[in-house]
Amino acid sequence: MENLLAGLNEPQKEAVLHTEGPLMIIAGAGSGKTKVLTHRIAHLMSKGVDSFNILSLTFTNKAAKEMRMRIEKVVGTDARNLWMGTFHSVFARILRSEADKIGYPTSFTVYDTDDSKSLIKSILSELQLDDKVYKVNSVLSRISSAKNRLISPNEYAQNPILLTDDEASMKPKIHEIYKKYADRCFKAGCMDFDDLLFQTCKLFSLFPDVLNKYQRKFHYVMVDEYQDTNYVQYMITKMLSHERKNICVVGDDAQSIYAFRGADISNIFNFEKDYPNLHIVKLEQNYRSTQNIVKIANSVIKHNKEQLRKDVWTSNEEGNLIELVKATSDNEEGRLVAQSIFEEKNHNQQKSSDFCILYRTNAQSRSMEEALRRLSIPYKIIGGLSFYQRKEIKDMIAYLRYTVNHSDEEAFKRIINYPKRGIGETSATKIVVTAVDNNVTIWDAMLNVSSFMPGRVTVAVNEFVDLVRGFELVIASKDAFEAAKQIAKESGILKDLYDDKTVEGLARYQNLQELLNAIKEFSEDTEKEDRSISAFLQEVSLISTADTKDANGTDYVTMMTIHMAKGLEFKNVYIVGMEENLFPSQMMLQSRADLEEERRLFYVAVTRAEKKLTLSYALQRYKFGRLENCEPSRFLQELDARFLKAPKKSNQDMFSDDFMTATSKFGGNNLMKQNSVNFPKKEAPKSQVVTTTNHVASESFKPSDTSKLEVGMKVEHPKFGFGNVLKIETNGSERKATIFFQKADEKTLLLSFAKLMIIE
DNA sequence: ATTTATATCTTTTTT
DNA sequence: AGATATAAAT
C-alpha cells in the first residue's frame, strides 16, 4: 500500500485512491497516466477487489498487455483474470458467448475493412449503382458513422437530416445500401468492426438480463484514451457502469485525433452531465519532456479554440532547442534525417531505439527507409501493411473462416477459385446472387448448384463442398495447429505457394509457415481457455498494426504514422513532412475542415519527444510519380520562435535554384531569415555507393536519365530482383520510361525504372 | 476461364 | 510508382 503510492505526486495519488463513484482524469501529455491506471488497479486489488470484477478498456491490445504485465509485477498472477483489452476485443468476447440471443451464430466471423469494401462493391453492382458516384470508401464511412451513432438502417431511412445530406451529395441511395449491407452481414453470420460495438449495444438494450449479468460482474470500469471514444462506446460504458457508477475515464482533449472514426470529444462533456457527483482530477505535470519541448507543445495547442483549460508544465531540464530541417526534396529530407540520426548516435552514444521518425501518411516512409538503409541504420516500420493483411495470409485465414462459418460470403469469394479450380468470377457471383435471391445461405445454394449451373461447374462446386466438409471434420477432431496445417495442404495453398519459385513467391511461402507457427503458438498457450481455430480467428481479426510484438533485444529506429505513436515516447523524435497540404492534410482541410484535429495531431507528435525534437520539410516531393512543389506547413509559422534553433541545411541546398526561390517565400518569416547567409562553394556530394557491393544507388538515375539505361544491361530491382533490360519505351511528355525486365525465370515484367540499379 | 495489355486512379489517419 | 480496374486476346 505504502509502496503503491510511493513516487506519485498529489493529483496522481488522489486519482489512485478515489475508487468509489465516477472519476474523470484529465491527463496531460507525459503526466504518468499509465502509471496512475496501473497503480489504481493494483490498489483496488490490494483492497480485496477480485480481479474478475475489474474491466479496463484500452486503446490497443498492446497497451492492455503492457498494463497487465506492470500490474502483475505488483500483485502477482492474480492480474491474469483482469478483463483488459480494446473495446473491440472485450466485446467480441462477450458477443461470442451471447451471440445466439441476437440471432448470430456463436461461431460468427469478423469482416475486416477489405471484406466490408468488397461486400459494398457487390451490393453496388447488384443495385446497378455507379461506383464512380458511390465511392466505396465514402459509402463505407457513411455506414460506419451511422453505426457509431447507433443509427440502424431503418432509422437511417427515416432520418430527414441524413437523407437530405445524401441527396445533397448526389447519393440518395445510401440508406438502401446500408440496409442491404447490414442484412448481408447478418445472413453471412459476420460482424464488421462497427458491429462488434453496435451489436453489443443492441444486445444490452434488448436483453436487460444479459446487461445485468455484466453490470454485476464489472464492479469497476476503466476507460483509457476517453477522448477517442465514440458514441457507441460511450453508451456501452454508461450502461455497464449504471448500477455501481464506479467508472473512471482517463483522457486528454488535446490529444483527440480520431474524430474521423467517430470519436467525439463531447463524450468528455457528456460525462460531466451524466454524473453530477463526478470527481475530476487533473494531471498537469509532465515527466516526459524537456522544458523546451513542453513549451513548444503548448505553443502549438494554444492555437486551438476548443479545449479544456489545462496547464501542462515540467520541472525537467531546459534541454535542447527544437531543430528545423529544410530539404530540397523528399529524398534529401530522408538523407538529412538519416545523417542527423547517424551523427547523434555517435556523438551521444545513443541506441537506434532512442530514435523515432513520425509522419502524417504511410507513403512517406519510403524516402526515410532508403536513406537509413544507405547509412546502415537499422529501422522498423510500424503499421502500413500488416502481416495479417497480406494476400497469402488472408487466403489461408479465409479457408479457416469458411470452414468455421459456411455462410461467410467474403471468405467464400476469396477461396472459391483459389487455388484455381475452374470456378470463375461469373460462376462465383451467380452462386452468391442465387443465395441472396432465394434467401438461403451460400452453402445451401452450393448444395443445390446443379439446378442453376451447367454440369462442368457443378462438378467443381461439389468437389469444393466436399473439401470444406472434410475440413470441418479436421477442425472437429484435431487441435488448431494440426487442423490448420492439414487445411493448408489439402486446400492446395501450400503447394501453390511452394511452386512459385520467385523471390516474392518464396516470401509468401515463408509467411504462410509463419502463420502456421503463430497458430501453433496459440494452440499451445495453456493460459488461454479457448484454443480453438474459431478463437484464434477472433483474436487475429482484431490484431491491429499497433499491436506488433516488440522484438526484444533488437535495436532499431522506429518509423510510424503519428496516429500509431499515441501513448509512446522516444528520446529523439523527428517529425518529417511538415508541409502544407500534407500536414495539415489537404483532405482534412477540404472535406472536413477540421484544422484543429490536425493541430492536435501535431501536438501528439511533438509531445512524444523526451529530449530532442526535430522538424523537417521538403520543398519538392514525389506524388504519384510526379515531382510537386511544396510549401512549409502553417504549423511551423505558429511555433514560438524562442524555442527554435536556426534551420539546418545541406550543402547541396545552396546550389539549387529551387532552394533560392523557395527561400524567398519565407521573406516574412523571421525564423527562416536567419538562414539566408552565404555558404562556401563546395562540390555537391555524389550519390553514395551502396555498402560493399558494386551496386549504384538508384539515386543516380533521375527519371530524365533515360540515356543511362541500355538494352541488355544487367539490373536489379529492390522488389523483383535481378534481370536484364529487354526493351525501353519512353512515353514522351511523361518523362517516364517503362522497361521490359526479364528475370532469371524467364518471366517478363514491365517496370518503370526509377528504382532500378545497374549492376556494373 | 484465364492471361495479358492498356487505362485509370491514387489523396489521410485505423479499431 | 504502383495498384487496380477494364478491355482484349488467348
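Worth knowing before you read on, the calculation uses all heavy atoms, side chains too, and leaves out hydrogens, waters and symmetry mates. Throughout, a chain's letter reflects where its sequence line sits, starting with A, and its residues are numbered from 1.
Following rounding to the nearest Å, A:Phe583 (CZ) and B:dT12 (P) show an atom-to-atom distance of 15 Å. Between A:Asn137 atom CG and B:dT11 atom P there is a gap of 7 Å when expressed in whole angstrom units. Here B:dT11 presents its C1' atom at 10 Å from CD of A:Glu628, a figure rounded to the nearest Å. Atom CZ in A:Arg626 sits about 15 Å away from atom C1' in B:dT11, given to the nearest Å. Rounding to whole angstrom units, CG of residue A:Asn148 and P of B:dT15 are separated by 14 Å. Distance, A:Asp224 CG to B:dT15 P: 15 Å, rounded to whole Å. The CG atom of A:Asp114 sits 14 Å away from the C1' atom of B:dT15 (whole-angstrom rounding). When the C1' atom of B:dT13 is taken as reference, atom OH of A:Tyr359 falls 12 Å away, rounded to whole Å.
The side chain of A:Thr426 places an N or O atom within less than 4.0 Å of a non-bridging phosphate oxygen (OP1 or OP2) of B:dA1. Within the structure, a side-chain polar atom (N or O) of A:Thr561 is placed less than 4.0 Å from OP1 or OP2 of B:dT14. The side chain of A:Ser427 places an N or O atom within less than 4.0 Å of a non-bridging phosphate oxygen (OP1 or OP2) of B:dA1. Within the structure, every side-chain polar atom (N or O) of A:Asn417 is placed at least 4.0 Å from both OP1 and OP2 of B:dA1. Contact check, A:Lys135 against B:dT11: no side-chain N or O comes under 4.0 Å of OP1 or OP2.
With values rounded to the nearest 0.5 angstrom, A:Ser329 atom OG is found 8.0 Å from A:Tyr622 atom OH.
Among the nucleotides B:dT11, B:dT15, B:dT14, the one closest to any side-chain atom of A:Asn362 is B:dT14. Checking B:dT15, B:dT13, B:dT2 against the side-chain heavy atoms of A:His563 singles out B:dT13 as nearest. Among the nucleotides B:dT12, B:dT14, B:dT2, the one closest to any side-chain atom of A:Met587 is B:dT12. Distance from the side chain of A:Arg456 is smallest for B:dA1 among the nucleotides B:dA1, B:dT12, B:dT2. In the set B:dT11, B:dT15, B:dT14, the nucleotide with an atom closest to the side chain of A:His88 is B:dT15. Distance from the side chain of A:Arg360 is smallest for B:dT12 among the nucleotides B:dT12, B:dT10, B:dT14. Distances were taken from every side-chain heavy atom of A:Lys623 (C-beta onward) to each of B:dT11, B:dA1, B:dT14; the shortest belongs to B:dT11.
Checking A:Arg421 against A:Leu601, the closest nucleotide of DNA chain B that is more toward the 5' end is the one next to A:Arg421.
Annotation: side chain to side chain contact (heavy atoms under 4.5 Å, CB included) contacts of A:Lys33 (sequence neighbours excluded): A:Ala27, A:Asp224, A:Glu225, A:Val250. By the side chain to side chain contact (heavy atoms under 4.5 Å, CB included) test, A:Lys171 pairs with A:Val133, A:Tyr134, A:Ser138, A:Ser169, A:Ile174, sequence neighbours left out. Annotation: side chain to side chain donor-acceptor pair (under 3.5 Å) contacts of A:Lys117 (sequence neighbours excluded): A:Asn137. Annotation: side chain to side chain donor-acceptor pair (under 3.5 Å) contacts of A:Glu369 (sequence neighbours excluded): A:Tyr379. Every residue meeting the side chain to side chain donor-acceptor pair (under 3.5 Å) condition with A:Lys495, not counting sequence neighbours, appears here in chain and number order: A:Asp499.
Residue contacts for A:Asp194: at a heavy-atom cut-off of 4.0 Å it reaches no nucleic acid atom on any strand shown. Residue contacts for A:Ser89: at a heavy-atom cut-off of 4.0 Å it reaches no nucleic acid atom on any strand shown. At a threshold of 4.0 angstrom between heavy atoms, the contacts of A:Ile423 are confined to the sugar-phosphate backbone, with no base atom among them.
Atom P of C:dT6 sits at a distance of 16 Å from the matching atom of B:dT11, rounded to the whole Å. Nucleotides C:dT4 and B:dT13 have their P atoms positioned 15 Å apart, rounded to a whole Å.
For B:dT10, the base is stacked against the aromatic ring of A:Phe624, per a cut-off of 5.5 Å between centres and 30° between planes. Stacking between A:Phe260 and B:dT13 is present: the aromatic ring centre lies within less than 5.5 angstrom of the base six-membered ring centre, and the two planes differ by under 30 degrees.
Proximity of a side-chain donor or acceptor of A:Glu579 to a complementary backbone N or O of A:Ala618 within less than 3.5 Å is detected. A donor-acceptor pair under 3.5 Å links the side-chain atoms of A:Glu580 to the main chain of A:Arg634, judged by distance alone.
Cation-pi check for A:Lys566 over A:Phe59 is met; the charged atom lies under 6.0 angstrom from the ring centroid and within 45 degrees of its normal.
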What's touching nucleotides 4-7 of chain C from the protein side, N or O pairs under 3.5 Å?
{"from": "C:dA5", "atom 1": "OP1", "to": "A:Lys121", "atom 2": "NZ", "distance (Å)": "3.1"}

